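Everything below concerns the one structure shown next.
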Amino acid sequence: QVQLVESGGGLVQPGGSLRLSCAVSGFTLDYYAIGWFRQAPGKEREGVSCIDNSDGTTYYVDSVKGRFTISRDNAKNTVYLQMKSLEPAPTAVYYCAADGTTTVQTMCVSFGYLEVWGQGTLVTVSS
């Protein structure tokens, strides 16, 4: 059974850090790009960062460049999103998703076609 499970969310103060994890099972991570997406209440889901499965190519949405880092450990079947210098924001649900067919930019920007998603983890940045 194909499954993605996010973890690591929580409440953090502005300027703080969190590391999210996306653990995959039921398929070989080596062959799939993985992306992180977020959705706040009343807003559309957006692609935050995606990482390629072959050469490690990454994509970041402009608002997180220089603050977030995506990485993968294929041996552990896990993809991480290190988030630093977090800015105040209402609670958002961060999701990860897998894709084996396209570029990371297409995955992160035009993600409506993605079929395999995790259940999400909540992130709140507030004092």
Side-chain angles (χ1 to χ4, degrees):
Q1 180 182 0
V2 173
Q3 194 172 17
L4 294 87
V5 178
E6 302 92 337
S7 62
L11 172 63
V12 61
Q13 291 188 342
S17 300
L18 276 177
R19 189 178 78 158
L20 305 183
S21 299
C22 173
V24 309
S25 60
F27 63 95
T28 303
L29 185 59
D30 304 54
Y31 302 116
Y32 289 85
I34 300 292
W36 283 98
F37 306 81
R38 64 187 175 191
Q39 187 167 20
K43 293 191 175 182
E44 294 186 352
R45 188 171 299 190
E46 69 168 345
V48 177
S49 182
C50 295
I51 186 166
D52 183 65
N53 60 296
S54 59
D55 59 5
T57 300
T58 57
Y59 169 92
Y60 296 94
V61 68
D62 286 347
S63 60
V64 307
K65 285 181 179 177
R67 300 186 298 116
F68 289 15
T69 303
I70 190 170
S71 62
R72 59 193 295 151
D73 186 336
N74 289 352
K76 295 183 178 180
N77 282 339
T78 303
V79 174
Y80 304 98
L81 184 67
Q82 179 68 54
M83 306 187 295
K84 298 181 179 180
S85 302
L86 286 163
E87 299 171 345
T91 298
V93 181
Y94 280 71
Y95 301 91
C96 61
D99 181 54
T101 64
T102 189
T103 68
V104 289
Q105 180 165 346
T106 297
M107 183 183 185
C108 257
V109 175
S110 306
F111 51 86
Y113 65 95
L114 297 177
E115 297 180 345
V116 184
W117 294 84
Q119 84 291 346
T121 186
L122 295 174
V123 174
T124 304
V125 184
S126 175
S127 55

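In this text, all values refer to a predicted model and were calculated from it rather than measured experimentally.
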- The reported gap from CG in Leu11 to OG in Ser127 (rounded to nearest 0.5 angstrom) is 9.5 Å

- Item | Any side-chain heavy-atom pair of Val116 and Tyr32 under 4.5 Å | no

- Does the Arg72 side chain pair with the main chain of Ala33, one donor and one acceptor, at a distance under 3.5 Å? no

- Does a side-chain heavy-atom distance below 4.5 Å link Val79 with Cys96? no

- Query: Any chain of hydrophobic side-chain contacts (each under 4.5 Å) joining Phe68 to Tyr95?
  - Reply: no

- Message: Minimum heavy-atom separation for Tyr94 and Met83, please, with both atom names.
- Response: CE2-SD, 3.8 Å

- Message: I'd like to know if the side chain of Thr78 reaches the main chain of Lys76, judged simply by a donor and an acceptor atom lying under 3.5 Å from each other, with no hydrogens or angles considered.
- Response: yes

- Is it the case that more than 12 heavy atoms not belonging to Gln105 sit under 6.0 Å from its CD atom? no

- Item | Qualifying residue for side-chain contact (heavy atoms from CB on, under 4.5 Å) with Ser49, from Leu81, Thr69, Ile34 | Leu81

- Nearest heavy-atom pair of Leu4 and Gln119: which atoms, and what distance? O-OE1, 3.6 Å

- Sidechain-backbone polar pair: Asn53 side chain, Asp30 backbone, donor-acceptor under 3.5 Å: yes

- Decide whether Leu29 and Val2 are clustered together by the hydrophobic rule: side chain heavy atoms of Ile, Leu, Val, Met, Phe, Trp, Tyr closer than 4.5 Å, transitively. yes

- Nearest heavy atoms of Ser17 and Ser85, plus distance in Å: OG-N, 4.4 Å

- Could you state whether Val48 and Val12 fall into the same hydrophobic cluster, counting links through intermediate Ile, Leu, Val, Met, Phe, Trp or Tyr residues with side-chain heavy atoms under 4.5 angstrom apart? yes

- Yes or no on side chain to side chain contact (heavy atoms under 4.5 Å, CB included) for Val24 and Cys22, after CA distance, side-chain angles and deciding distance? CA-CA 6 Å; Val24 309; Cys22 173; 4.2 Å; yes

- Note on the structure: Rounded to the nearest 0.5 Å, the OG1 atom of Thr121 sits from the CZ atom of Arg38 at a distance of 14.0 Å

- Expected output: side-chain Glu6 to main-chain Leu20 donor-acceptor under 3.5 Å: no

- Note on the structure: In this structure, NZ of Lys84 is separated from CZ of Arg67 (nearest 0.5 Å) by 12.0 Å

- Message: Can you tell me how far apart SG (Cys108) and CD1 (Ile51) are? Round to the nearest 0.5 Å.
- Response: 10.5 Å

- Find out if a path of hydrophobic residues (ILVMFWY) with successive side-chain heavy-atom gaps under 4.5 Å connects Val93 to Leu114. yes

- Spacing of CE belonging to Met107 relative to CZ belonging to Phe37, to within rounding of 0.5 Å: 4.5 Å

- Task: Provide the closest heavy-atom pair for Ala98 versus Phe27 in the form atom of the first, atom of the second, distance.
- Result: CB-CZ, 3.9 Å

- Look only at the side chain of Thr103 and the backbone of Thr106, and say whether a donor-acceptor pair between them is shorter than 3.5 Å. yes

- Side-chain donor/acceptor of Tyr60 to backbone N/O of Ile70, under 3.5 Å: yes

- Message: Do Phe111 and Tyr59 land in one hydrophobic cluster if side-chain heavy atoms of ILVMFWY residues count as linked below 4.5 Å?
- Response: no

- Item | Residue pair Cys50 / Gly35: nearest heavy atoms and the distance that separates them | SG-CA, 3.5 Å

